[in-house]
Structure formats: structure tokens, C-alpha cells
2 protein chains.
Amino acid sequence: MPPPRASALGVPPPVRRAPGRPREQILNRDLIADAAFAQIRTSGLRGLTMRALARRLAVTPSALYNHVASRDAVLALLQERFAATLDTTGFGILPLRDALSKWAWSYLERLRERPELVPLIVAVPLAHTPYTTLMYQRVVTGFSAAGWPDESIIAAMSVLETYIFGAVADSESPDDVYRPKDPERSPLLARTTAAFAATVAERGRRPRDLLFEIGLEALLTGMHHRWGSSGRTRA
Amino acid sequence: MPPPRASALGVPPPVRRAPGRPREQILNRDLIADAAFAQIRTSGLRGLTMRALARRLAVTPSALYNHVASRDAVLALLQERFAATLDTTGFGILPLRDALSKWAWSYLERLRERPELVPLIVAVPLAHTPYTTLMYQRVVTGFSAAGWPDESIIAAMSVLETYIFGAVADSESPDDVYRPKDPERSPLLARTTAAFAATVAERGRRPRDLLFEIGLEALLTGMHHRWGSSGRTRA
DNA sequence: ACCTGAACACCGTTCAAGT
DNA sequence: ACCTGAACACCGTTCAAGT
């Protein structure tokens with residue numbers, strides 16, 4: 001597959017501009033971040049190239065380097081803005097399990113809107129971005145206030161995050177991946193997929209939402225069982 | 001970050017060969033697949049370029065196109081070989097929980113070796129590939145023989161798979177993503193990351209392996225709790 | 001049929017020149 | 001200080017030429 005051709009659709013006509021410092025500044029980090037989100041939305045992480053970003057902003061690629069150090073710095077900028085959209089309002093107010101559920105569902109929903117950010121979130125070291133650190137601090141404080149032992153907390157949070165990443169990956173999957181093409185040759189697979197479909201219909205949920213909930217509750221129950229925290233203590 | 005420089009380390013010296021059809025055929029799809037696996041192992045998916053692949057095979061890049069249609073076709077070739085490598089030998093022999101653990105660990109390990117296959121595995125309907133249907137049938141039969149109710153089995157298997165996909169995504173993440181850059185400003189985050197690191201050291205495990213085990217056990221415990229299966233019955 | 005080598009259209013990043 | 005434009009070292013893919 002050849003690389004996608006540059007398309008002028010939706011891109012403003014290139015502004016011919018004389019070299020040298022412009023009278024009014026054209027770029028700033030906010031404009032770059034907005035354009036990067038737009039670019040990643042239409043073309044994916046692979047399509048977020050410095051040249052494409054520059055085209056979208058009607059500047060030359062090298063102009064970007066006056067505001068960001070590298071392409072990786074652009075990715076960090078996006079990650080920072082993503083972390084700020086997660087719902088941590090439950091911690092300190094609701095019981096831990098409810099606060100975690102609120103956080104996890106918002107995390108899933110935000111990532112489902114932008115699944116292309118998963119590789120980004122996973123790849124960029126969070127510790128270097130201030131807002132992201134703050135977000136994790138809130139979650140960890142929630143666990144700690146609910147009485148979970150120190151050595152359990154990072155593991156519990158990390159496992160939840162792992163599960164969320166997997167659920168996002170699954171979001172792009174069709175609903176009936178397991179249904180056999182030939183039911184007669186795989187009767188048990190046919191029967192269990194039908195039974196699950198019946199449960200889904202009965203509850204009136206979207207299959208992947210029901211699955212997410214089942215896994216989330218199983219994880220919280222299982223980890224509570226392991227570490228002996230109540231999971232119902234106020235965070 | 002500039003792109004990695006081409007390195008001649010481990011690459012055989014280029015064979016000067018006259019143009020035109022060689023007397024003996026040099027390439028075939030098996031050789032290409034083997035070289036692609038080797039390349040991906042040493043340099044990651046990003047490092048699996050057609051040029052690098054060609055260098056490894058001591059041919060020019062364009063020679064590859066006599067045997068594969070595109071770079072994507074190379075990835076599909078790798079995916080074909082994946083399905084047959086998962087360990088389902090525990091089902092019907094070991095207790096369900098052990099059989100599942102064996103399957104899940106092999107799944108994780110195979111995908112960690114080739115994480116670029118995750119999007120393909122998720123997107124491509126499994127029912128169309130012969131090995132994969134057989135593989136899922138074995139897993140489902142294991143649950144059923146252990147007494148799990150029909151409506152629980154697809155959900156349980158799906159949630160496990162979701163968690164595995166997430167764990168694979170995390171495999172590319174650095175180990176210390178949560179450690180704050182400034183411990184004084186995030187004392188609880190500093191304390192809990194240290195406590196987790198201590199647990200890891202004490203058990204002598206790799207951090208992500210310990211995390212995977214914790215989540216896997218939590219999921220199985222939690223789902224067992226929900227559906228009341230023993231999880232210890234022979235599969 | 002199956003290889004080489006040149007070519008085309010990309011990519012991230014650097015840097016001198018210009019205002 | 002902040003832009004342009006040329007340059008460097010990459011990339012996937014195509015295709016005429018050669019045996």
C-alpha cells in the first residue's frame with residue numbers, strides 16, 4: 001500500500017509568506033495541539049506527521065520547531081490534554097468502588113472517542129507531564145484513603161488501566177467475533193454465543209458495555225479479595 | 001528524534017549480484033516471514049521496513065515485491081502463523097484455572113513477541129480462520145466442562161482476552177510510568193511506586209509479569225465469585 | 001520469472017538567511 | 001524571536017532493464 005497522497009481537501013490554500021519574522025506571531029502551542037488532535041482524528045497517529053501538521057496550520061514544517069522540540073513533544077502535549085478530561089471527581093466523595101467506576105468509565109469513553117490515542121498514552125512516560133501526574137495522584141489517594149495497602153495500589157490501578165486499554169482495542173471489534181461460521185461443527189460455541197446474546201438482550205445493554213462492566217466488577221472483586229480491603233470504604 | 005541510523009551490525013555484507021534473473025531463486029515467502037519475525041524481534045514493528053527486510057535477506061527492496069504484494073501482506077503472513085501457536089493443551093487435562101492460565105500466558109507471550117498483531121487479531125473476524133475457531137472451541141469446552149453456565153462463558157473468555165490485549169499494549173510501556181519526577185510534590189505516588197517496586201524485587205519477577213498475574217487471578221476470582229463456578233473442577 | 005537500480009513521493013529534523 | 005527554504009538521511013513502492 002503506497003503512503004496516502006497528500007490531499008488538499010479541508011486544508012486551507014497555502015499562504016505564500018515572505019521569509020523572515022512575521023509582524024504577528026502565527027503559531028503557538030495551543031494552536032499546534034488543536035491541529036494535532038484534528039489531524040490524529042482524521043488520519044490516525046501515523047498520519048500525524050510534522051509536515052501534515054504544518055500544512056494544516058499553513059506554515060512550513062520547520063516553523064513548528066520554534067514551539068515544540070520534536071514530534072514526541074507534540075505527543076506529550078496531547079497526552080497532557082487528554083489526562084485533564086478524565087473524571088476524578090468521585091475520589092474523596094464517593095465510596096472507592098464508585099469513584100473508580102466513574103473514573104474507569106470516563107477513561108473508556110474518552111479513549112473510545114479517540115482510540116488512536118491508546119498507543120500514545122501507553123508510549124509517553126507520564127511522569128514527565130505535570131497534569132497526568134496529578135490525575136494519578138488522585139486515584140492513588142482514593143485507594144489509600146479506602147485502606148488499601150501501599151504495595152497493592154500501583155498494581156490495582158495499573159491492572160485497571162490495562163483492562164481499559166484492552167477494552168478500547170475491543171471497541172473496534174465486531175460484536176460477533178466468536179460466533180462460528182458453521183454452527184453444526186461448533187455446537188458449544190454456537191450455544192454459548194447465543195446464551196450471551198440472550199443475556200445482552202435481556203439487560204438491554206450494548207454487548208461491549210456489558211462486557212466492560214463484568215470485567216471491571218470482576219477485577220475489583222478479585223483484587224479486594226486478594227488484599228482484604230473493603231472496597232466500600234469512603235475514598 | 002531523528003530516525004534510527006541504518007546499522008550494519010549483524011547484517012551480512014551486501015552481496016553484489018548482477019541484475020537479471022538469478023540462476024537459483026533467492027527468495028520465497030517462508031524466508032521472508034522468518035526474516036520479518038527476526039527483524040521485528042530486534043527492531044520492533046517500526047523497524048520492520050521493507051529496506052531492512054531486504055538488507056537482512058541480502059536483496060534489494062524491490063525483489064521482495066515478487067513474493068509479497070506489500071508491507072501489509074507481510075504482516076498478514078505473520079498473523080497467519082500466529083493462531084496456531086497458542087497453548088490449549090491444558091483444556092481437558094488440567095483444572096480449568098490452570099488450563100486458562102496456561103492459555104492466557106501463552107497468548108500474552110506470543111503477542112508480546114508480535115504486539116503489532118493485536119489490531120489484526122481484534123479486527124479480523126476469527127470465524128474465518130480455521131485454527132482460531134478450533135482454538136476458541138477448546139477454551140469454551142474447558143469452561144463448560146468445569147460447570148460454568150452457558151451465558152457466562154463467552155463473557156468470561158472475552159473479558160480475559162480483553163485483559164490480555166491491554167497487557168500487550170502495556171508491554172511496550174516503560175516500567176516506571178507512574179513514578180513521579182518530583183517525589184516531594186507527590187509523596188503518596190512516590191511511596192506506593194516504591195512499595196510496588198519492593199514487592200517486585202522480593203518476588204524476583206519482572207514488573208509487568210507480576211502485574212499480569214495479579215490481574216489474571218483477580219479476574220478469574222471475581223468471575224468465579226459472580227457465577228459460582230468452582231474454577232477448580234477438571235476442565 | 002526474478003533480480004537490480006533508478007526514480008517518485010513521502011518522512012523528521014537541522015540550519016542559514018531574512019525580517 | 002519566528003518565519004522560510006534548502007538540505008540530509010531516511011521511508012514504501014513502482015517499473016524498465018537485464019538474464
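Predicted, not measured: the structure shown is a model, and the values here were computed from it. We name chains A, B, ... by the order of the sequence lines, and we start the count at 1 in each one.
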Short N/O separations, protein against nucleotides 15-17 of chain C, under 3.5 angstrom:
none

Under the rule for side-chain hydrogen bond (donor to acceptor under 3.5 Å, both in side chains), what residues qualify as partners of A:Tyr107, not counting sequence neighbours? A:Glu161
Whole angstroms only, please: what is the CZ-C1' distance between B:Arg55 and C:dT4? 16 Å
What are the two closest heavy atoms between A:Ala38 and A:Arg56, and how far apart are they? CB-NH1, 3.5 Å
Counting only heavy atoms not in A:Arg205 (residues, nucleotides, ligands), do more than 12 fall under 6.0 Å from its CZ? yes
Could you report the tightest heavy-atom contact between A:Tyr163 and A:Leu216, atom names first, then the distance? CE2-N, 3.6 Å
Stem segments of DNA chain D by first residue number [Watson-Crick or G-U, under 3.5 Å, at least 3]: C:4-8 with D:12-16, C:12-16 with D:4-8
For A:Leu27 and A:Gln25, the nearest pair of non-hydrogen atoms, with its separation, is O-NE2, 2.6 Å
Euclidean distance, atom CG of residue A:Asp72 to atom C1' of C:dT13 [Å, nearest integer]: 12 Å
B:Gln39 CD - D:dG12 C1' separation (whole Å): 15 Å
Between B:Ala54 and B:Thr60, which heavy-atom pair has the shortest distance, and what is it? CB-C, 3.7 Å
So among A:Val159, A:Ile214, A:Leu219, which one has a side chain to side chain contact (heavy atoms under 4.5 Å, CB included) with B:Leu219? A:Leu219
Are A:Asp34 and A:Arg81 close enough for a salt bridge, meaning some N to O gap below 4.0 Å? yes
Whole angstroms only, please: what is the CE-C1' distance between B:Met50 and C:dC10? 16 Å
Report the residues that fulfil side-chain hydrogen bond (donor to acceptor under 3.5 Å, both in side chains) with A:Arg112, sequence neighbours left out, ordered by chain and then residue number. A:Ser171, A:Asp209
Grab the CZ-C1' distance between B:Arg51 and D:dT14 for me, whole Å please. 12 Å
Members of residues 22-34 of chain A that approach DNA chain D, where some heavy atom sits under 4.0 Å away: A:Pro22, A:Gln25, A:Ile26, A:Leu27
Looking at A:Arg51 and A:Pro61, would you say the former's side chain and the latter's main chain have a donor-acceptor pair under 3.5 Å? no
Could you list the residues that satisfy side-chain contact (heavy atoms from CB on, under 4.5 Å) with B:Thr88, not counting sequence neighbours? B:Phe91, B:Trp103, B:Met135, B:Arg138
In whole angstroms, how far is the C1' atom of D:dC8 from the OH atom of A:Tyr65? 13 Å
Value in whole Å for how far the P atom of C:dC10 lies from CZ of A:Arg46: 15 Å
Atom-to-atom span, CG of A:Leu53 to P of C:dT13 - whole angstrom: 12 Å
Just to be sure I understand the rule, does B:Thr60 reach a base, reach only the sugar-phosphate, or reach nothing, if contact means heavy atoms closer than 4.0 Å? base
Of the listed D:dC3, C:dC3, D:dT19, the closest approach to the A:His67 side chain comes from D:dC3
What nucleotide, of C:dT14, C:dC2, D:dA1, holds the atom closest to the side chain of B:Arg21? C:dC2
